[in-house]
Amino acid sequence: VTANVTLTAKWEEIKKYTVKFMVDGEVFATQTIEEGKDAKAPTAPAKEGKTFVKWEGSFTNVTADVEIVAVYDVAKYSVDFKVDGQTIKSETVEYGKAATAPADPVKEGFKFVGWDKEFNEVKSYLSVTAKFEALEYSIKFFNGTAILLTDFGFLKLSISSMIEINLTLYPGRMFSI
């Protein structure tokens, strides 16, 4: 440099753009981003019966105003059908839909009477347990004629019942079941 030089700074305004994050057609969040920079995805709002999948659209290296849309899927839940603590059927069901029960379970000495909870509008994980009632059996004791051999006439017993009976045996007769 051999003479005085005057330099004048020239400032250009940095361009800024608006990034709108949309949920169900409404603005959920707005960010003002400098040109070429990236927006930061907000945490998507929870929606009953839905599972957030992603923000659809590009919000990196922003060079224009953009709208980014939240994408949700229908939530899905497991429904487990159990008998005596063992899962006999597991099914994945969409939020608000019904699960399909397996065939009525069979348990020796018991009658299936239903399930312990409703599963026609699933809104969360469910563990559904079979309910049973013990079958009852009537037992009558006769002496070969119409005379009952016990004071109580007859018994109603379930498969898990135990009884003790004192019978008088008659000479020349045998007791059999």
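Quick caveat, the model's predicted, so the values are computed rather than measured.
Annotation: Lys37, atom NZ; neighbour count of heavy atoms from other residues, nucleotides and ligands within 6.0 Å does not exceed 12.
Residues satisfying the side chain to side chain donor-acceptor pair (under 3.5 Å) test with Asp84, not counting sequence neighbours, are Lys107. By the salt bridge (Lys or Arg N to Asp or Glu O under 4.0 Å) test, Lys16 pairs with no residue at all, sequence neighbours left out. By the side chain to side chain donor-acceptor pair (under 3.5 Å) test, Glu26 pairs with no residue at all, sequence neighbours left out.
Judged by distance alone, the side chain of Trp55 and the main-chain N or O of Pro42 form a donor-acceptor pair under 3.5 Å. Under the 3.5 Å distance criterion, the side-chain polar atoms of Gln31 are matched with a main-chain donor or acceptor of Lys40. Looking only at distances, no side-chain donor or acceptor of Glu133 sits under 3.5 Å from a matching main-chain atom of Val113. Looking only at distances, no side-chain donor or acceptor of Lys123 sits under 3.5 Å from a matching main-chain atom of Glu48. A donor-acceptor pair is defined here as one N or O able to donate and one able to accept, closer than 3.5 Å; no such pair exists between the side chain of Asp73 and the backbone of Thr51. Put simply, the side chain of Asp38 gets close to the backbone of Asn61: a donor and an acceptor are under 3.5 Å apart.
The shortest distance between side-chain heavy atoms of Val27 and Met22 falls below 4.5 Å.
In terms of hydrophobic clustering, with Ile, Leu, Val, Met, Phe, Trp and Tyr side chains grouped at heavy-atom distances under 4.5 Å, Val23 and Val71 are assigned to different clusters. Hydrophobic cluster membership differs between Phe59 and Val69, with clusters built from Ile, Leu, Val, Met, Phe, Trp and Tyr side chains linked at under 4.5 angstrom. One hydrophobic cluster, built from ILVMFWY side chains closer than 4.5 Å, holds both Phe21 and Phe52. Taken together through direct or relayed side-chain contacts under 4.5 Å among Ile, Leu, Val, Met, Phe, Trp and Tyr, Ile88 and Phe132 form part of one hydrophobic cluster. Hydrophobic clustering, with ILVMFWY side chains joined whenever heavy atoms are under 4.5 angstrom apart, groups Val128 together with Tyr77.
The line from NZ of Lys131 to CZ of Phe112 is 9.0 Å long, rounded to the nearest 0.5 Å. We find the CZ-CG distance between Phe110 and Leu135 to be 8.0 Å, quoted to the nearest 0.5 Å. Atoms OG1 and CG, from Thr30 and Asp65 in turn, are 10.5 Å apart once rounded to the nearest 0.5 Å. A distance of 11.5 Å separates NZ of Lys82 from CG of Leu126, quoted to the nearest 0.5 Å.
Of the N and O atoms on the side chains of Asp80 and Ser127, not one donor lies less than 3.5 Å from an acceptor on the other residue.
Glu121 and Gly96 make their closest contact through CG-O, 3.6 Å (heavy atoms, listed as atom of the first residue, atom of the second, distance). Smallest separation of non-hydrogen atoms from Ile68 and Ser58: CD1-O, 3.5 Å. Closest approach of Pro105 and Val83 over heavy atoms only: CB-CG2, 3.7 Å. Phe119 and Lys117 make their closest contact through CD2-O, 3.4 Å (heavy atoms, listed as atom of the first residue, atom of the second, distance). Nearest heavy atoms, Ala99 versus Val122: N-CG2, 4.2 Å.
Lys50 forms no cation-pi arrangement with Tyr72, by the criterion of a distance under 6.0 Å to the ring centre and an angle within 45° of the ring axis.
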